[in-house]
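Below: the structure, in structure tokens.
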Amino acid sequence: MNFKSISTNELNKASSSDFNAANFGVVKMDHKGTVIDYNDNQAKHTGMSKGAVMGKHFFTQVAPCTNNFLVAQKFEKESTLDSALAYTFTIKMAPTPVSLRLLKDPSAQYLLCDW
Amino acid sequence: MNEEQLLEFLYLAPIALIQFDEDGNVKMANPRIAQLFNRYAPGGYFANFFDFLEDVLPELREKIKAYDSPSGQLMENSRFCINAPTESGPSADSEELWLDVTITRPEQSTFIASLNNVTNQVRAEAERYVAEQKMTQVLESVSKNIIFTMSKDGVIDSWNKTGDTYLMDSHAAVGKLLSQVLDISVPKNAELLKTAKAQGAIKEQIMLSAKNGQKYHSNIYISSIHDQRERHCGYSVVITLTDTSHQL
């Protein structure tokens with residue numbers, strides 16, 4: 001999987017094992033923002049295990065730092081999405097720069113994180 | 001409690017927390033800080049709190065820099081307003097964000113700040129202020145109605161201009177009882193308040209002796225005022241003057 005070029009179509013076809021093989025973070029959500037998959041790379045960097053985040057609302061219960069017009073509201077407003085932006089998380093309370101890709105199609109939505 | 005639970009607690013805390021050193025270098029920050037900071041400089045790495053404040057809240061930066069005690073509390077719930085972008089792009093709209101800021105200095109090289117978003121509270125206060133202004137305008141414009149309020153003990157605590165015109169100036173009326181501004185007895189005063197409190201409101205006819213010597217047939221309407229928890233907290237009174245030539 002390539003962070004910069006992977007498409008929503010490819011992500012939809014991938015399994016959890018495929019996500020875990022990626023060298024970037026993958027958060028798969030339904031269109032309500034509920035986490036339905038979360039890969040090892042994301043868990044390793046955030047310190048939050050898959051078990052702790054599955055079924056939770058990503059933008060309010062997992063990563064509230066993304067609950068703004070730059071990320072969460074973009075997913076809400078657009079029916080399809082493929083955009084990239086630089087962002088700063090506060091991972092384990094430390095400001096951490098990351099690159100994000102926001103992807104969405106009728107099947108699901110994804111937040112990809114290149115640490 | 002394990003580390004994951006502690007992190008989750010800090011991640012979800014509904015208040016922005018940041019720890020920085022005396023040069024503004026950020027040591028720790030929680031997601032609420034990132035949620036706010038990223039709006040200003042999308043992707044901007046906020047390594048230094050003072051750099052952020054320089055553009056957004058220079059007066060707060062100056063207060064922190066001016067604090068020369070090695071430890072202590074710089075400020076508690078000091079209110080600041082910032083303009084926060086609501087969308088991306090060169091012509092992005094912005095909104096006022098009101099923050100209550102508390103900053104402590106546990107040691108020489110460390111500051112800890114909490115930023116609490118009180119925008120909704122400020123908006124409610126502003127709406128209340130405007131509503132009060134409108135009500136004051138209405139009360140001052142009614143020329144045949146003496147309108148005032150009383151505390152729950154029946155002591156007058158506000159008075160409109162019509163009251164000034166017909167009975168007495170507000171500084172003379174405020175602090176008095178009904179029986180001291182109208183021609184009613186003390187027992188009648190007590191009876192009116194008791195009935196208004198019990199029934200919610202009462203309306204009676206009275207004879208009003210104006211300060212110009214004229215007497216007016218009047219209707220006095222006293223209603224009980226309640227707070228949001230339905231506790232009785234005072235009375236509102238409207239005295240409607242009718243012409244002295246009217247016979248009942």
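In what follows, chains carry the letters A, B, and so on, assigned in the order in which the sequence lines appear, proteins first and then strands, with residues in each chain numbered from 1.
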- Message: What's the separation between atom CD1 in B:Ile33 and atom SG in A:Cys65, rounded to the nearest 0.5 Å?
- Response: 11.5 Å

- Message: Heavy-atom count check: over 12 atoms from other residues, nucleotides or ligands less than 6.0 Å from B:Lys27 NZ?
- Response: yes

- Query: In terms of heavy-atom contacts, does NZ of B:Lys197 have more than 12 from other residues, nucleotides or ligands at under 6.0 Å?
  - Reply: no

- Message: Return the NZ to CG distance between A:Lys56 and B:Leu12, rounded to the nearest 0.5 Å.
- Response: 7.0 Å

- Any idea which of B:Ala29, B:Ala47, B:Ala34 has the most non-hydrogen atom pairs under 4.5 angstrom with chain A? B:Ala29

- Task: Please name the residue in the list A:Thr66, A:Thr90, A:Asn68, A:Leu70 that meets the side chain to side chain contact (heavy atoms under 4.5 Å, CB included) test with B:Gln35.
- Result: A:Asn68

- Item | Crowding at CZ, B:Phe50 (>12 non-hydrogen neighbours, <6.0 Å) | yes

- Message: Which residue in the set B:Ile18, B:Leu10, B:Leu17 passes side chain to side chain contact (heavy atoms under 4.5 Å, CB included) when paired with A:Met93?
- Response: B:Leu10

- Task: Report, as yes or no, whether the 6.0 Å neighbourhood of atom CE on B:Met135 holds more than 12 heavy atoms from other residues, nucleotides or ligands.
- Result: no

- How close do A:Pro64 and B:Tyr11 get, heavy atom to heavy atom, and via which atoms? CG-O, 3.1 Å

- Task: Against chain B, label A:Ser99 side chain, backbone, both or neither, depending on which of its atoms sit under 4.5 Å from a heavy atom there.
- Result: neither

